[in-house]
Structures are given as C-alpha cells and as structure tokens.
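Just below is one structure, and these are the notes that go with it.
So you know, we letter chains A, B, ... as the sequences are listed, proteins then strands, and number each from 1.
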Protein chains: 4
Amino acid sequence: MKQSPRVLGRPRHDENAKPTKDIVLETATRLFIKEGYKNISMDDVAKACNVTKATIYYYYPTKGELYTSALIAMMDRIKLSILQILEQPKPFKERLQQLVEVHLSATIDIDMKNFMKEATINLSESQLRQVQASENDMYQTIERTMQVEMENGTIRKGNAKFFAHNFMALMTVGYLKDGDGKPLLGAVDKTAKEVTNFFWLSVQNNH
Amino acid sequence: MKQSPRVLGRPRHDENAKPTKDIVLETATRLFIKEGYKNISMDDVAKACNVTKATIYYYYPTKGELYTSALIAMMDRIKLSILQILEQPKPFKERLQQLVEVHLSATIDIDMKNFMKEATINLSESQLRQVQASENDMYQTIERTMQVEMENGTIRKGNAKFFAHNFMALMTVGYLKDGDGKPLLGAVDKTAKEVTNFFWLSVQNNH
Amino acid sequence: MKQSPRVLGRPRHDENAKPTKDIVLETATRLFIKEGYKNISMDDVAKACNVTKATIYYYYPTKGELYTSALIAMMDRIKLSILQILEQPKPFKERLQQLVEVHLSATIDIDMKNFMKEATINLSESQLRQVQASENDMYQTIERTMQVEMENGTIRKGNAKFFAHNFMALMTVGYLKDGDGKPLLGAVDKTAKEVTNFFWLSVQNNH
Amino acid sequence: MKQSPRVLGRPRHDENAKPTKDIVLETATRLFIKEGYKNISMDDVAKACNVTKATIYYYYPTKGELYTSALIAMMDRIKLSILQILEQPKPFKERLQQLVEVHLSATIDIDMKNFMKEATINLSESQLRQVQASENDMYQTIERTMQVEMENGTIRKGNAKFFAHNFMALMTVGYLKDGDGKPLLGAVDKTAKEVTNFFWLSVQNNH
DNA sequence: TATGAATGAGACTTCATTCAT
DNA sequence: TATGAATGAAGTCTCATTCAT
C-alpha cells in the first residue's frame, strides 16, 4: 500500500526540483481535465504527486480553490499560446490552422463547455467569477483578432464572439474518433486542415 | 423529520397516473442532464420523484444502469425528433434550421460530449457500449441525411460524420449567453437562423 | 477491532427493542454530558450504540443537530423532574432540598453553563436558538415557583431569574470532591441539606 | 496566499517589545478562555500572535503544555488579584464585593468548572496535577480568608472550602445576560452588590 | 409494489506534530 | 530564534447499495 515512505517535517532541499506547489497545480490540472471535478479526489491528486493529502491542503485551502487555480492556469496558458500564434505575420487562415494543430497535438480534449459546467455546479460564486473572467479573457483574445480581420475585410462581418465560440466548438470536433479509436480525419495536420477549412468556408469574405 | 408522510403499503392505483418506472426515468434524465452523473445522487432522484431510494433500486439495479437508461431514452427521443424533422418535404436548410430551433427551445443544454465523457468514466464497459451505440444511432440519423443531400448535390461532398458532428457542435453554441445571462444572438428563432446559416455557408454546394 | 459484524440492510425486527433513534439520543446525551461536544466524535457515539456512523447520520443529519436534540431532550427531562418535585404540597425548602438530592443522585454533573458555552461556539444560530429556548423553559419552571413563593411571603422579594440561576449554580457545587475524590460534604442527603440551607439562608423571609 | 510577509531570519530586537514567549502565553490564555481547548487550534494561536505554528512549538512542546501553562498563569494572576483585594484593611463584605466587581469587569467569563473539565479530559496526568494544584492554590487563598473571618466571628462557622466554591459559583452568575444580551442586574457595580449581598445573607453571623 | 433501516467505503477537511534550515 | 514544508491520524459527512417486511 505505502508507495514510498516519506518522512515528517521539512524535506532536505533539492536545488533543481520544481516547487511542490507547481507540481500539484500541474498534476491537478491534468487530472481534472481528463476526469473532471467530481471524479478526481484530493487523494488522487496527492497520490499522483507522491505527497499526502495534507500537503495539497497546505497549498490550496479547498478542492474548489485547487480547481479554480487549475482552470485559470490552464486558460492562461491557452490564452498565451493563442496569442503567440495569432500575432504572427501570416495569413489569417494559416494562423487559425496552426491554432487547431497545436491544440489537437496537446492530445487532451480541452472542452471549455465541460469545465464551465462543472465550475458552475461545484464552485463558490467568487471562484466561479474568477474562472469566468479567465474564460472570457481567453475567448476575447480570439474575438479581438476576428474583429481586426473583419475590419481588414479578410472575413465577413458578423458577431465576433459568436465566431470565436464557433471556432472553438469546431476545434473540439477534431478530437473525434471513429469506432476503432482512430482519428476520424487522419493525422493531426490533416485534421487541422479540414477543421480550419470548415470554419473558413463559413467566414471568408466573398465580397 | 418526516417531510411528506406517505401512506404505507401499495398505493391505490390511479388510472391516469404514469407508471413509477417512467416517472423515475424522466426525472432522472432531467436531473442528470442538468447536473451530471456525479452531482446527482440516487437520493436526489428519489426525492425529486417523491419516492424512496429503495424504490429507485426496485426498478433500476444500479446507478449506472439508471444513467444508461436515462441517456439512451434521451437519445432515442432526440433521434426521433431529428428524424421527424429531417423527413419533412422541405428544403434541407429549412429542416436544419427547424432542428436547431426545436433543440434550443428545449432550454436544457444537451451537450453530447459531456454525457459521453461522464459515461466513459463512470459506466461499466457493457453499459458504455450501449450508450455509444445509442449515440451512434442518433448521429447516423443526421449523417444519412447529409449523405443523401450530398448525393443530391444540395451540399458539397465531404465526410458526413464530420459534418454531422460539426452541426451538433455549432448547435450547442446557440445556448451561449453573454455576461448578463441573455442569449448572445437574441431570441431562439433568430439564433437558430444564425447558427444554421453559419453551418450552411460551410457546406452549401457552389458547383 | 470489529466488535460484532453486523449485516447490511434492514435488521429483523425485535419486538421489545428500543428504537435505534432513541438509543442513539440517549447514548449521545450521556456522552456529550460527560465529555462535551468536541471531545465526542460521531464515531464514538456510533460505537457506543453498536451501530455505524452512517446509522447515526440516518437519524440526525449533522452532529450539531444531534447535540441540539440531546441537549433539548435532557433539558426537557430535567424540566419535567423539576416540575414534579416543585408541584408537591410540601414546604418550599423541602422541595428545594429534594431537587438538589435528586440531581446529585444522577451522578453526572449537569453544568448548564458548560453546555450553553459549547452550544454558543459550535451550533448554528437556529440550533442555538432552539437550545436557548429550551434552557429558558427549564429555568422558568424554577423562576415561576420562586415568584409564587415571593408573593406568598415564603422568601424575600428579589429577581426571580437571578434566584433561580443562583440556586442552580450552588447545586453544581454539590458535586465538589476533595483531594481524595470523596464528596466534600459527605453523602448525597447531607450534601443536599447543606446546599439547600446555604441557598435558603439567603432567600428566606425574615419580615 | 501570503498574508503578511514576515522577514526571514531573526527579527531585529525591539527594546520595548514583549518576549515572544509571553505574547504567546497571553494570547493563548485569552483564546482558550473564550473558546476552550478543543475549539482553539495551535494555528489559531499562531495567527493571533502573528507568528507561525512552529514558533509556538519552539516555546511550548505540546498543545497540552501550552494549555497547562496558560491555565496556571491565569490562575496565578487571579490568585494574586484575589490576594491583593482580600489583604486590604476593609470590612470583609466590602472586600468580597470588590472581588466580584474586579472579576466581572474583566468581561470574560472565567468559569473554573469548565476549565477543569477540559483539563481532565484533555491533559496528561502530570499536566492535570499541575493545574489542579494551581486551582487549589487559588481557592485556598479565599478559603484561608474565610477561615480567618469565621474565627473573627464576622461570618458563621462552616466548611470554608464549600463557602469559597459557593462564592465563586455565585460570582459567575453575575455574567448572566437576559434575552437581549444586557446584564440581568444592570451595571457591574450594581451586579457586584447584588451578588455579594446574596452570598453575604447566607454567611453572615447573626449570633 | 414500495419502504425503512442499516452499512462500508470513501469524500473533504482539520490539526497536532516534526524536522531541515 | 523562527520558519516553511510536510505528515498521519482523525473528524464530519455523503452515497451507492442491501435486505427484511
């Protein structure tokens, strides 16, 4: 049962080790993404980090707080990655395609709706507000670019928020597997092309 | 303590009353859709049905079984409703729009990905297979029509399954609310139009 | 470790057995009186009742609720016993003395201040209100008699509530043990006499 | 996370600052009196002192030891204050009244029975003995004076220990509040008078 | 057909205590 | 002198499930 008997008290400091707090957050994020809030217990997180539950609580006062932090950290990372890709001096369509490709490569299905639903049900109001703000931020990064490209005339005029959410929704379809568990549309790059193309056909400007 | 004293023994049979088994299934479906598998306890279901937990177990041997039945019943109903709409002698685009409209009117966000995720995590393999079969059935109803319309030349050639999932994904964006909790695109009919249009621009055949 | 392996489900009904709910309440009351709220765990109560924790929760939704019920039941019993003694057609002083005697005979030190302090700290507001109401009831039983005897001229005029609380405070001194653990004033009847006398000297009417 | 970033290492020594050990003891005493042993955690004490838990442990090896020290310190202080008041060259009744007044002014209800109960349950035997010795000391201070006044003929002959405990028991009734939270007998001086008078009527010598 | 009573496992959380620095 | 990091044990509560009636 005992995995690796740990000692009480402060562990001797290992110079190039990641701080436990970060390990916990990363591990928790991964687990929550894969299995959701209610299916992951604090003990699961602890075991995956090879520390005890109490250690988790030393850094995060409640499970809700840990989930909140995990979600926000995740969204921040996604937002950054989106930003970096969208800021490149490339045709818009190519940037979108790269966006899809990068995200499909992450292999974990990052389905925002799911997270937000679990957040709504399980978090406190203040935690929920934080998460919502973070989600909003993330989407706005895309929205703003959509807006710019509308003004450029690259894509047709429309509701930028609607476009952004549609894009993300289509993106998650890219994870779709067929009966045998193989990606429906083939390799990641091909899938990304198909997904982007589907979106593009809808938003491109035909004058 | 006693909340609503129920009579002991077998209740007198009310001719127009729905069988308990059906009440349980409907109630459970509603609750599971709204809050998910792990957030709804057998007691929650029992209370909402105004019976005891033991009664639920009389009809459904496990929670997983109840969830399975609820999901399948729901998908069957959706499938039927999809079928009825898609079979009508109307232009394809109009049928799609009606599809969206009907589903947005149901007000509960029926997000398949969510259900399937929870199913994957919480159900037994055999239960999961049943649910997957049912999901497949439901999508195939749309896929087949897509296929037909591709052959008709109404929409462009492409992967019908991919199209079907894209359509459903875009549909759930229709539930999107802005910061104030108001639908992003206005009333249901307007939203349905926008959503359908977005999809249509992507799939229409331009020869 | 296992005390007596119990079976799942509903136990066969034993005709002349006390209902579990009552057993729980009585046991809990005894334990809480002896050790206080925080020192008794739900598991302690369960073990003392030879049932599982879950059974306790089946009857009492929270520990606070169990404590509340226990306190109220106890105070009700005390109030009743007080009432019965005070209603007798005997000189007031004799009734008081019997009161002390009966309560010292119960051997457990029923120190109201203690219970009320723990209640204040650990109960919810609504629970606290219930307990306070019950405490008030109990004291008023004595107060009312004090009032009557003041009007009769048996005891001097004064604040009846103050008198009642003083009486109870002096009563708990009766439990006092010396260094060897022996009652300071000897046997219960002698102690009761001393305590009553102390109170009486203070309240008797000398015209 | 960090609430008030404290500087690392040994803090510069502030000449007029109280030693940490004393601060801890005083703070702990206050908290334990108000909420009791089990309701105050070492972390509570630490936070209230604005130091960390480990610091508390640096000065007091266990929670029981801290409680023991706190109780003893408190009783010592009380004993001293009692002594100073009782040693004055004033009529005994006036001294008693001042005793009540001083203690009611401290506003915190110092209910010995409570502390001794918690001590009995939670302390080790050796700790308990220390506390009992301290309690005994405190009461003996009063007892001795009672003894003297009995011999003087100021008060009637009786069990001095019993008298002392009765006096303290009546004193705590002085904290009594009515339903609105207002002191039952009015301002502190008036209350002290009433309480003393009640005691005095019982013990005074009428020859 | 339906219920009331009970359980065992596991969830979240708290807390006294330890130890390297 | 004081701290930050960590633990193990225990506490409150929830929940799917079982069984006699």
Query raised in the report: Side chains of C:K38 and D:N39: donor-acceptor distance under 3.5 Å anywhere?
Result: yes

Query - For D:T120, side chain to side chain contact (heavy atoms under 4.5 Å, CB included) partners two or more places apart - result: D:L128

Query raised in the report: Residues in side-chain hydrogen bond (donor to acceptor under 3.5 Å, both in side chains) with B:S134, at least two apart?
Result: none

Report task. Identify, with sequence neighbours excluded, every residue that meets side-chain hydrogen bond (donor to acceptor under 3.5 Å, both in side chains) alongside D:T62. Result -> none

Query raised in the report: Does a side-chain N or O from A:Y58 land closer than 4.0 Å to OP1 or OP2 of F:dA6, or not?
Result: no

Report summary line: For DNA chain E, the dot-bracket notation using Watson-Crick and G-U wobble pairs below 3.5 Å, [ ] for pseudoknot-type crossings and | for other-strand pairs, is .||||||||||||||||||||

Report task. For the side chain of B:Y59, starting at C-beta, report the closest nucleotide among E:dT13, F:dA5, E:dT1. Result -> E:dT1

Query raised in the report: Can you check the A:K18 NZ to F:dA5 P distance for me, whole Å?
Result: 17 Å

Report summary line: B:I56 CD1 to E:dA2 P, in whole Å, measures 11 Å

Requested in this report: Specify the separation, in whole Å, of atom CG of C:D43 and atom C1' of E:dA9.
Outcome: 13 Å

Requested in this report: Mind running a 4.0 Å heavy-atom check of residues 34-42 of chain B against DNA chain F and sending the residues that fall below it, in number order?
Outcome: B:I40, B:S41, B:M42

Query - Listed once per pair and sorted, the salt bridge (charged side-chain N to carboxylate O under 4.0 Å, His left out) pairs that draw on residues 19-36 of chain B, sequence neighbours left out - result: B:K18-B:E26

Report task. Quick one: list whatever passes side chain to side chain contact (heavy atoms under 4.5 Å, CB included) with C:F32, sequence neighbours left out. Result -> C:A28, C:Y37, C:I40, C:K63, C:L66, C:Y67, C:A70

Report summary line: Of the candidates F:dA6, E:dT13, E:dC15, the side chain of A:T62 sits closest to E:dT13

Report task. Identify, with sequence neighbours excluded, every residue that meets salt bridge (Lys or Arg N to Asp or Glu O under 4.0 Å) alongside C:K117. Result -> none

Query raised in the report: Residues in side chain to side chain contact (heavy atoms under 4.5 Å, CB included) with C:S69, at least two apart?
Result: C:L25, C:Y60

**Report entry** Set of side chain to side chain contact (heavy atoms under 4.5 Å, CB included) partners for A:S41, sequence neighbours left out
**Finding:** A:D43, A:D44

Report summary line: B:Q127 atom CD is separated from F:dA16 atom P, nearest whole Å, by 14 Å

Requested in this report: Give, ordered by number, those residues of residues 114-122 of chain C having at least one heavy-atom distance below 4.0 Å to an atom of DNA chain E; if nothing qualifies, reply none.
Outcome: none

Query - D:K53 (side chain) and E:dT17 (base): donor-acceptor pair under 3.5 Å - result: yes

Query raised in the report: side-chain hydrogen bond (donor to acceptor under 3.5 Å, both in side chains) with D:E65: which residues, sequence neighbours excluded?
Result: D:Q127

